[in-house]
Amino acid sequence: MTRSLKAVAAALVMILAVAGCSSRSKKKPSGGPVTADFVANPTYGVAPLTVSFTNKSTGNPTSWEWDFNNDGIVDSTDRNPRWTYNNPGVYTVRLKVTGSGGSDVCIRWNYICVRPSGGALKADFAASPPFIRLGQTVQFHDLSGGSPTSWEWDFDNDGTVDSTSQDPQWTPTQAGWYTVKLTVSDGTNTDTCVKMMCVLVANNIYYVDSAAGDDANTGEDWSNAWKTLEFALSQTNDYDLVLVADATYKETNLNFNGKKVYLKGVDRNTAGRRPVIDCQSGGRAFIFNSGEAKESVIDNLTIRNGKVVDDEGGAMVCENGSSPTIINCVFENNTAVDSNNSWNDHGGALFCNDSSPTIMNCVFSNNHADIYGGAIHCSGGNCAATIINCVFDGNSGYQGGAFSCSGAAPQLHNCTFCNNSSVNYGGGGAVFVVGGGAVTILNSILWGNIGPVHEIAVYDDKSSCTLMNCCIDASGVYSNAPSASCIVEDSCIYSDPLFVDAAGGDYHLQDASPCIDAGDSSFVPNGVDSDLDGNARIVDGDNDGTANVDIGAYEFQSSAQPLQIITTTLLDATEGVSYSEMIKAAGGTPPYTWTVSGLPSGLSWSQVGD
């Protein structure tokens, strides 16, 4: 006799043992082609939002890998799954299908938009998708908290209201980056949200894949992708989008030549992976020296093994008034080497001279400069770099293990510095300021850095460092200048930030961290609404009824993602025959303890693993 266990899956209950706080891509088929496609219903609603996904793929795929929040983790292998989004936010969904004819990937950007339920009036919104071709339409979704009753949309931030609908659509008539503003009202109060460079309206969209592309191709889709970034940049013009597949690109000295191009890495081949530019110690990856503006964008790349000798900027240089936007990137194992005692070898990863790039949501790890700035060096009176939500870990330099500044005026917001090192006395394990530099550090953590001066060193009385609402080791601050005012500390804390695992490089905050809700929300730059993980930037982490920004790159989320069972169906079991089935769960804090209720008579179960 055969007994069905399908109903049993719905009766499984998980209990935490320990409480704890598109683009489409295709591989060459061996048979008939497989094409990934899907739809979802609903795609917009109030949290918690349960969404039904329907597979629309063709070519008879036999397996499905769904990633409902594009975090690189497969959330379901069902053909037509359901998923509940418990937290408000904007979610990109990825489906990979495989069959005898090969595999294919479909990604829908900002596809699921989840509004908060209740709360105070707070304007927020999403654009779906965040980039389109000229002539296409973008859908805006209101994600405001509270209960707004009126909406005023300004799609191009020109001061003119373009729509009063709650969830309008817009078809732009010109290519470019658009800053969007939404003002909401509940009849008593109003609130406004402005998102800088919210939507790219591209003249063209091109594709690059070093693993399967060819520069003789047209670049118009994945099956006709170009092979090299150098060729792609030579073919593009202002407001073109280049989607870069997650492969390895052994290229150096890439140059935008002043063009407003968006270079975006995507996980074409393996979920959650970035494209890698491996310079193989043969030079730097990028040169910005033609006055590039913020519309020149690099997004979601890993840049490693850059090396310059007797020069600055092991991975990237910005000079001659160039101010590109660098977001969601990883810089690792890049170096600037001094072979002739020239003392010009600054910025192991990035060198900025009289330029003001915006660097956001990036990780700088194990970079080295023989002189100033193991990761970044800023210089020149016209340099006002802005660095937001970045982690500096394991970098080293003679002076300024992670960051140094000479004559410039950079600002650093919500950054975390740990395990960086300098060797020169007075050099600053984390930060070094010299030559009239004026560094401002806001809502940031500087802790556990290494050197004769652990954290910050100011070399002369023309230089200064201002720290506001920072967490810093007080014993690691040093000024060589005669004036004590060269280092200003305002509303700082001097206690262990309580990282989850500093030794292992996990700089998230434990639930007892003094950095939770200890920052100043007014210092968060306009339009920055998420942390390094992509989670909401300002939340009520200490549950006192008032949301305030945390100190550091990661915002503590006051409750873990609720538990849910991913596996929703089980195979049939035959009486008297040994049976095993893997049941997957997500959320909470593993390890899990499983219990089963409602088992049919005669059936038993046991747990193996977590």
Side-chain angles (χ1 to χ4, degrees), residues 252-253 279-289 303-320 322 331-355 364-383 385 392 394-408 410 417 419-439 449-465 476 478-481 486:
T252 58
N253 297 324
C279 299
Q280 303 181 94
S281 300
R284 63 174 68 89
F286 289 96
I287 300 173
F288 291 96
N289 60 1
I303 302 172
R304 64 169 60 129
N305 299 327
K307 181 179 179 181
V308 295
V309 179
D310 302 322
D311 203 353
E312 299 98 349
M316 182 183 299
V317 64
C318 300
E319 57 189 6
N320 299 331
S322 299
F331 294 81
E332 59 186 19
N333 301 318
N334 302 287
T335 58
V337 177
D338 181 16
S339 70
N340 60 5
N341 296 317
S342 63
W343 278 71
N344 291 323
D345 316 287
H346 313 316
L350 178 59
F351 175 73
C352 306
N353 182 52
D354 284 328
S355 298
F364 293 84
S365 178
N366 297 318
N367 303 285
H368 174 79
D370 276 356
I371 310 300
Y372 294 162
I376 298 176
H377 179 70
C378 295
S379 67
N382 294 317
C383 175
F392 296 82
N395 304 286
S396 60
Y398 183 71
Q399 293 179 307
F403 184 87
S404 62
C405 170
S406 174
F417 295 80
N419 197 34
N420 304 285
S421 62
S422 67
V423 297
N424 178 252
Y425 184 79
V431 175
F432 177 68
V433 191
V434 69
V439 178
N449 298 288
I450 305 164
V453 176
H454 301 323
E455 309 301 339
I456 298 172
V458 175
Y459 186 77
D460 55 72
D461 59 5
K462 295 181 180 179
S463 305
S464 66
C465 182
Y478 168 81
S479 175
N480 189 49
C486 289

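Since the structure is predicted, the reported quantities are computational estimates derived from the model, not experimental observations.
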- Would you check if the side chain of Ser463 reaches a backbone N or O of Asp461 as a donor-acceptor pair within less than 3.5 Å? no
- Query: How long is the gap from CD on Gln399 to CG on Asn424, to the nearest 0.5 Å?
  - Reply: 4.0 Å
- Task: Any chance you could lay out the side chain to side chain donor-acceptor pair (under 3.5 Å) test for Ser281 and Asn305, step after step, and finish with the verdict?
- Result: CA-CA 5 Å; Ser281 300; Asn305 299 327; 5.5 Å; no
- Considering only heavy atoms from C-beta outward, does the side chain of Val433 approach that of Ser464 to under 4.5 Å? no
- Note on the structure: The single option from Asn449, Asn419, Asn420 that satisfies side-chain hydrogen bond (donor to acceptor under 3.5 Å, both in side chains) with Asn395 is Asn420
- For Ser421, side-chain contact (heavy atoms from CB on, under 4.5 Å) partners two or more places apart: Ser396, Ile450
- With sequence neighbours left out, write down each residue that passes side-chain hydrogen bond (donor to acceptor under 3.5 Å, both in side chains) with Asn333, or none if nothing qualifies. none
- Query: Given side chains that start at C-beta, do those of Asp345 and Val337 come closer than 4.5 Å, heavy atoms only?
  - Reply: no
- Message: Within the 4.5 Å heavy-atom criterion, are Phe403 and Pro410 side-chain neighbours or not?
- Response: yes
- Message: Which residues pass the salt bridge (charged side-chain N to carboxylate O under 4.0 Å, His left out) test with Asp311, not counting sequence neighbours?
- Response: Arg284
- Query: Side chains of Cys405 and Val434: closer than 4.5 Å at any heavy-atom pair?
  - Reply: no
- Residue among Phe432, Tyr372, Trp343 satisfying ring pair (Phe, Tyr, Trp, His ring centres under 6.0 Å) with Tyr398: Trp343
- Message: Using 0.5 Å steps for rounding, measure from the CZ atom of Phe288 to the CD atom of Glu319.
- Response: 11.5 Å
- Message: If I take atom CG from residue Asn320 and atom CG from residue Asn289, how far apart are they, to the nearest 0.5 angstrom?
- Response: 6.0 Å
- Would you tell me whether His368 and Asp370 have side-chain atoms, one donor and one acceptor, within less than 3.5 Å of each other? yes
- Message: Would you compute the distance between atom CG of Asn367 and atom OG1 of Thr335 and round it to the nearest 0.5 angstrom?
- Response: 8.5 Å
- Message: Please report the interatomic distance CZ(Phe364) to CD1(Ile303), rounded to the nearest 0.5 Å.
- Response: 9.0 Å
- Query: Among all residues two or more places apart in sequence or in another chain, which pass the side-chain hydrogen bond (donor to acceptor under 3.5 Å, both in side chains) test with Asp354?
  - Reply: none
- What's the shortest heavy-atom distance between Lys307 and Val309, and which atoms? CE-CG2, 4.2 Å
- Task: Could you grab the distance from atom CG of Leu350 to atom CZ of Phe331, nearest 0.5 Å is fine?
- Result: 6.0 Å
- Taking C-beta and beyond as the side chain, do Cys378 and Phe351 meet within less than 4.5 Å on heavy atoms? no
- Criterion side-chain contact (heavy atoms from CB on, under 4.5 Å) against His377, the qualifying member of Ser404, Cys383, Cys352: Ser404
- Residues in side-chain contact (heavy atoms from CB on, under 4.5 Å) with Thr252, at least two apart? Cys279
- Residues Gly314 and Asn334: closest non-hydrogen pair is C-CB, 4.3 Å
- For Gly347 and Ala369, the nearest pair of non-hydrogen atoms, with its separation, is N-CB, 3.8 Å
- Contacts satisfying salt bridge (charged side-chain N to carboxylate O under 4.0 Å, His left out) that involve residues 332-343 (not counting sequence neighbours) are Arg304-Glu332
